[in-house]
Amino acid sequence: MFTLDEARTRLAALMPQLEELIGVRADLAELRADLDTGGHSELGGLAEAKALEARLYAALEEIADADIEVKGFAPLLLDFPGELDGRPVRWCWLEGDDGIDWYHRSDTGFAGRRPC
């Protein structure tokens, strides 16, 4: 369980890793598109695609191992379990957000997002 401040601190510490993950995801998408159309890619071939996939999944597993819920990876969506006024909530970060400025009750999901 994270307090809001703990979740924000943890997210700040993770940002370099998240930015790298987003870059790897973009490289993999571009490489896969090139390979699927039979074209050549300056990013490499099948071996490089497999290596990017491995890096992507390892980064996602590392985040999950830190008790942070990965709800999506394109766009990247992370939930930090917490509690607000005695209710279980998720402090919510969506790729593109500056920080954790949203939460939702655990039983409502993303549709129940509210400002912190």
Side-chain angles (χ1 to χ4, degrees):
M1 298 288 271
F2 295 89
T3 66
L4 177 56
D5 286 340
E6 290 169 341
R8 286 176 169 160
T9 299
R10 183 67 180 190
L11 177 67
L14 276 176
M15 284 310 292
Q17 180 182 352
L18 298 178
E19 289 168 4
E20 180 181 347
L21 186 153
I22 291 165
V24 167
R25 184 191 65 204
D27 287 348
L28 178 59
E30 185 178 317
L31 179 53
R32 280 282 176 202
D34 289 345
L35 294 177
D36 288 347
T37 60
H40 299 285
S41 176
E42 58 189 48
L43 295 173
L46 185 57
E48 287 76 16
K50 293 294 184 186
L52 289 170
E53 286 174 357
R55 286 178 57 197
L56 180 68
Y57 290 118
L60 292 171
E61 283 180 19
E62 191 173 322
I63 293 166
D65 287 346
D67 297 324
I68 300 166
E69 299 171 1
V70 179
K71 298 296 186 167
F73 85 103
L76 192 55
L77 176 61
L78 304 179
D79 279 351
F80 295 74
E83 188 174 279
L84 180 64
D85 298 329
R87 281 202 118 125
V89 298
R90 299 296 188 259
W91 309 112
C92 190
W93 178 81
L94 177 64
E95 182 179 327
D97 290 349
D98 290 330
I100 298 177
D101 297 321
W102 298 88
Y103 78 95
H104 58 81
R105 289 182 4 192
S106 297
D107 60 349
T108 65
F110 189 85
R113 274 178 45 135
R114 298 180 181 276
C116 291

### Ala64 to Val70 - nearest heavy-atom pair and separation
N-CG2, 4.5 Å

### Query
Which heavy atom in Gly82 sits nearest to a heavy atom in Trp91, and how many Å separate them?
CA-NE1, 3.6 Å

#### Entry: side-chain contact (heavy atoms from CB on, under 4.5 Å) against Glu6, all qualifying residues, sequence neighbours excluded
Phe2, Thr3

### Query
For Arg90 and Ser106, which heavy atoms make the closest approach, and how far apart are they?
NH1-OG, 2.8 Å

### Summary
Between Asp34 and Thr37, the two heavy atoms sitting closest are O-OG1, 3.1 Å

### Message
Applying a strict under-4.5 Å side-chain criterion to I, L, V, M, F, W and Y, I'd like to know whether Leu94 and Leu21 cluster together.
### Response
no

### Query
Leu76, Tyr57: one ILVMFWY side-chain cluster at the under-4.5 Å cut-off?
yes

Kindly list each side-chain donor-acceptor pair under 3.5 angstrom involving residues 8-19, sequence neighbours excluded, with atom names and distances?
| unit_1 | atom_1 | unit_2 | atom_2 | d |
| --- | --- | --- | --- | --- |
| Arg8 | NE | Ile100 | O | 2.8 |
| Arg8 | NH2 | Ile100 | O | 2.9 |
| Thr9 | OG1 | Asp5 | O | 3.0 |

### Query
Which residues pass the side-chain contact (heavy atoms from CB on, under 4.5 Å) test with Ala58, sequence neighbours left out?
none

#### Entry: Heavy-atom pair of closest approach, residues Ala49 and Leu31
N-CD2, 3.4 Å

### Query
Same hydrophobic cluster for Leu43 and Leu52, using side-chain heavy-atom links shorter than 4.5 Å among ILVMFWY?
yes

### Summary
Separation between CD (Glu69) and CG (Asp79), nearest 0.5 Å, reads 5.5 Å

### Task
Not counting sequence neighbours, which residues clear side-chain contact (heavy atoms from CB on, under 4.5 Å) with Met1? List them please.
Pro81, Glu83

### Task
Starting from Trp102, walk the hydrophobic network (Ile, Leu, Val, Met, Phe, Trp, Tyr; side-chain heavy atoms closer than 4.5 Å) and list everyone else you reach, by chain and number.
none

#### Entry: Separation between CZ of Arg114 and CG of Asp101, rounded to the nearest 0.5 Å
16.0 Å

### Query
Of all heavy-atom pairs between Arg113 and Cys92, which one has the smallest distance, and what is that distance?
NH1-SG, 3.3 Å

### Task
For residues 37-58, pull every pair meeting salt bridge (Lys or Arg N to Asp or Glu O under 4.0 Å), keeping only residues two or more places apart or in separate chains.
Glu20-Arg55, Arg32-Glu53, Lys50-Glu53

### Task
Examine Leu4 and Val89 and state if one hydrophobic cluster contains both, with Ile, Leu, Val, Met, Phe, Trp and Tyr joined whenever side-chain heavy atoms are less than 4.5 Å apart.
yes

#### Entry: Common cluster, Leu60/Leu28, ILVMFWY with side-chain heavy-atom separation under 4.5 Å
yes

